Amino acid sequence: MALLSSVRVRFAPSPTGELHIGGARTALFNYLFARAKKGTFILRIDDTDLERSRAEYTEALLDAMRWLGLEWDEGPYYQSRRLERYEDEAARLLKEGKAYRCFCTPEELTAGREQAHKDGKNYLYPGTCRDLTPEKIEEYCESGRDFVVRLRIPDEGSTVVRDLIRGEVRFNHRDLDDFIIMKSNGLPTYNFASVVDDAEMKITDVIRAEEHLSNTPRQQLCLEALGYEQPRYAHVPMILAPDRSKLSKRHGATSVEEFRSRGYLPEALINYMALLGWSPGEKEILPLSEMIPLFSLERVNKTAAIYDTTKLTWMNGQYLRAVPPERLAAEALPFYTAAGLVEPPLGGEEEEYYEKVVKAVSDRVKTLAEMADASTYFYREVDSYDEKGVRKHFRKEGSAALLRRAASLLHTLEPFDLDSVESGYRNLSKELGISAGRLIHPTRLAISGRTMGPGLFDIIVLLGREKTVSRLEKAALWIERQ
RNA sequence: GGCCCCAUAGUCUAGUGGUUAGGACGCCGCCCUCUCAAGGCGGUAGCGGGGGUUCAAGUCCCCCUGGGGCUACCA
């Protein structure tokens, strides 16, 4: 029983570009639905558009899916490898008179459309070839004229889409025309291929973006003509760019690959996307595994969402801080490499140092890219001092002398560890009758060039005696020369 | 243009006739503190407009407005 009712869903992207967060979110909802229902999640590549489909996009797509952790149970199936199926099904419809050959040229069609537009009228395919005589058809075929196959749509009546999220939506047949199911190049159109595959793959629930809602009556009509059962439909809200328009390249980071390269963690991206259109209830921060039992289409809303990187970034910070140090070091390595700070493979001491740097810096950043950026002075000499910091901490009377005192303290300090450095600093400030901050701030600026960062004593110990002392002296010199 | 969907703060959302309209990000302030984060506390800001229905409307109905989608030999 449970087996019979088991759900089968699919994510069916077309490999015409990178996977953007809209598509990824649709994939995620399909995945969550399948897992929550103990069903099957199928991946299908809808690559019937030869012009725009590219093999490298398919690879990138699979890569992105794997990176996100959205494991599929079946597939990937490729529509381009199933062309015979569509041909057979189209031939069947032709034979049964449910579809017909249309010999109109694209030019004729376009002219009709433009004319209608000029007259301010609606354009629907006028049905020119709808009732061609068998003789005429044969004549056209023999003369080698190109043709497409169109589905015959009833003139009267309507088709109702029962959507799990939106309720019943009615479409009048008079607003639909006999649309094309097979192009003149012999390839199926989306509406047709998709339906043939969904039927053959026994898809029980079609969960996809809202942009497909208007196409659903066409698909239902196809299914009906083909004599297959209807799946259930659920059209999830779209994800819009910050300017409310449809997602596109010019909106900065929109593809999964881009977020990845900007230093976002897959679990943060997943968590953030899940919250776009779905609400789990109490907790907002929750990993994929915890989302599964909570997921249901009833809690998916109808409103298009505008994605907002600010919240994603915050969430990434949350995840970053929860990641075990070893994994964090591994995830961050490509970013340190790209920034030219390290060159893997890292040796023993080098690796130890790297891990300490990561640990020191990770608490105060939100992305892996920021992490590398915040680490530069652990690998390079300081070549400039933060301007505001200079005004605040270097310009004061006696700053250079202060730095020299600190340098000489550290020069001989034993042992050179966190506790002794800190107490050494605190004692020195007491001795000089100044606040610890008066000593700490210029030191940070001197050894890191920055006014913010990890705890000063952590930096000092990590950097080591030699570098710290030399940077302090260098800064003192710099101040004196100003 | 036609058809369809949608409408709670800047953003993501809870809400299914009776709530001081709840949470999160952001922003502001305070606390903590060597800085910056993190964390804690507090604050800022919302039911697009107009008509109905009802004792009572963010919630139901209609209109308007706004946004989005489809209307391709794209998916």
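Model, not experiment: these values are computed from the prediction. Within every chain, numbering begins at 1; the chains are lettered A, B, ... in the order of the sequence lines, protein sequences first and strands thereafter.
Separating the CE atom of A:Met452 from the C1' atom of B:rU33 is a distance of 16 Å, rounded to the nearest angstrom. Rounded to whole Å, the distance from NE2 on A:His235 to C1' on B:rG69 is 11 Å. Separating the OH atom of A:Tyr100 from the C1' atom of B:rC73 is a distance of 14 Å, rounded to the nearest angstrom. Atom pair A:Arg244:CZ and B:rA7:P shows a separation of 12 Å (rounding to whole Å applied). Atom CD of A:Glu168 and atom P of B:rC3 are 20 Å apart (whole Å). Atom CE of A:Met238 is separated from atom P of B:rC4 by 19 Å (rounded to the nearest Å). Look at NZ on A:Lys388: it is 13 Å from C1' on B:rU35, rounded to the nearest Å.
Base contact: A:Pro454 has a heavy atom under 4.0 Å from a base atom. Looking at heavy-atom distances under 4.0 Å, A:Thr48 makes contact with sugar-phosphate atoms alone, never a base. Using a 4.0 Å heavy-atom cutoff across all strands shown, A:Glu107 reaches no nucleic acid atom at all. No contact: A:Arg450 has no heavy atom under 4.0 Å from any strand. Contacts of A:Thr16 with the nucleic acid, taken as non-hydrogen atoms under 4.0 Å apart, are absent. Residue A:Ala436 is out of contact with every strand shown, counting any heavy-atom pair closer than 4.0 Å. Among the atoms of the strands shown, only primed sugar atoms or phosphate atoms (P, OP1, OP2) are found under 4.0 Å from some heavy atom of A:Arg218. Using a 4.0 Å heavy-atom distance criterion, A:Ser214 is classed as a base contact. Within the 4.0 angstrom heavy-atom criterion, base atoms lie near A:Thr451. Residue A:Leu276 is classed as a sugar-phosphate contact, given heavy-atom separations below 4.0 Å to backbone atoms only. Within 4.0 Å (heavy atoms only), A:Arg299 reaches sugar-phosphate atoms of the nucleic acid but no base atom. Here A:Gly120 lies in heavy-atom contact (under 4.0 Å) with sugar-phosphate atoms only. Among the protein residues, A:Tyr272 comes within range of no part of the nucleic acid, since none of its heavy atoms lies under 4.0 Å from any strand. Nucleic acid contact class of A:Val169 (heavy atoms, under 4.0 Å, all strands): sugar-phosphate only.
Considering A:Phe259, A:Phe335, A:Trp314 as possible partners of A:Tyr264, the one that fulfils the ring pair (Phe, Tyr, Trp, His ring centres under 6.0 Å) test is A:Phe259.
In summary, the aromatic rings of A:Trp278 and A:Phe295 are positioned with their centroids under 6.0 Å apart. A:Tyr190 has its ring centre less than 6.0 Å from the ring centre of A:His212.
Spacing of C1' atoms, B:rA75 relative to B:rC70, comes out at 13 Å, to the nearest Å. Here the separation of B:rC60 from B:rC5, taken at their P atoms, is 15 Å to the nearest Å. Taking the C1' atoms as reference points, B:rC47 lies 11 Å from B:rG15, given to the whole Å. The gap from the P atom of B:rC31 to that of B:rG17 amounts to 46 Å, rounded to the nearest Å. For the P atoms, the distance linking B:rG42 with B:rC4 amounts to 49 Å, nearest Å. B:rG58 and B:rG48 are spaced 10 Å apart, taking the P atom of each and rounding to whole Å. Comparing the P positions of B:rC25 and B:rG43 gives a spacing of 15 Å, expressed to the nearest Å. Comparing B:rG49 with B:rA7, their C1' atoms are spaced 12 Å from each other, to the whole Å.
A donor N or O paired with an acceptor N or O is not found under 3.5 Å between the base of B:rG2 and the side-chain atoms of A:Asp175. For A:Thr310 and B:rG26, a side-chain-to-base donor-acceptor distance below 3.5 Å is absent, hydrogens and geometry of angles not being considered. Taking 3.5 Å as the limit, the base of B:rC5 and the side chain of A:Arg166 contain no donor-acceptor pair of atoms between them.
Of all heavy-atom pairs spanning A:Ile21 and A:Tyr307, the tightest one is CD1-CG, 3.5 Å.
With hydrogens and angles disregarded, a donor-acceptor distance shorter than 3.5 Å links the side chain of A:Thr189 to the backbone of A:Ile180.
For the pair A:Pro287 and A:Glu267, the minimum side-chain heavy-atom distance is 4.5 Å or more. Between A:Tyr272 and A:Lys311, the closest side-chain pair of non-hydrogen atoms falls below 4.5 Å.
Picking from B:rG69, B:rC5, B:rA7 the nucleotide with the shortest atom distance to the side chain of A:Glu210 gives B:rC5. Minimum atom distance to the side chain of A:Asn301 is reached by B:rU13, of the listed B:rU13, B:rC5, B:rC73. The nucleotide whose nearest atom lies closest to any side-chain atom of A:Asn215 is, among B:rA14, B:rG39, B:rA75, B:rA75. Of the candidates B:rG1, B:rA75, B:rC4, the closest approach to any side-chain atom of A:Asn122 belongs to B:rG1.
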**Derivation and outcome, salt bridge (charged side-chain N to carboxylate O under 4.0 Å, His left out), residues A:Lys283 and A:Glu290** = CA-CA 10 Å; A:Lys283 263 172 78 183; A:Glu290 285 179 37; 3.1 Å; yes

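Of the residues near RNA chain B, A:Lys366 and A:Val300, the one whose nearest nucleotide (by heavy atom distance) lies more toward the 5' end is A:Val300. With RNA chain B read from its 5' end, the first of the two nearest nucleotides for A:Thr189 and A:Tyr125 is the one closest to A:Tyr125.
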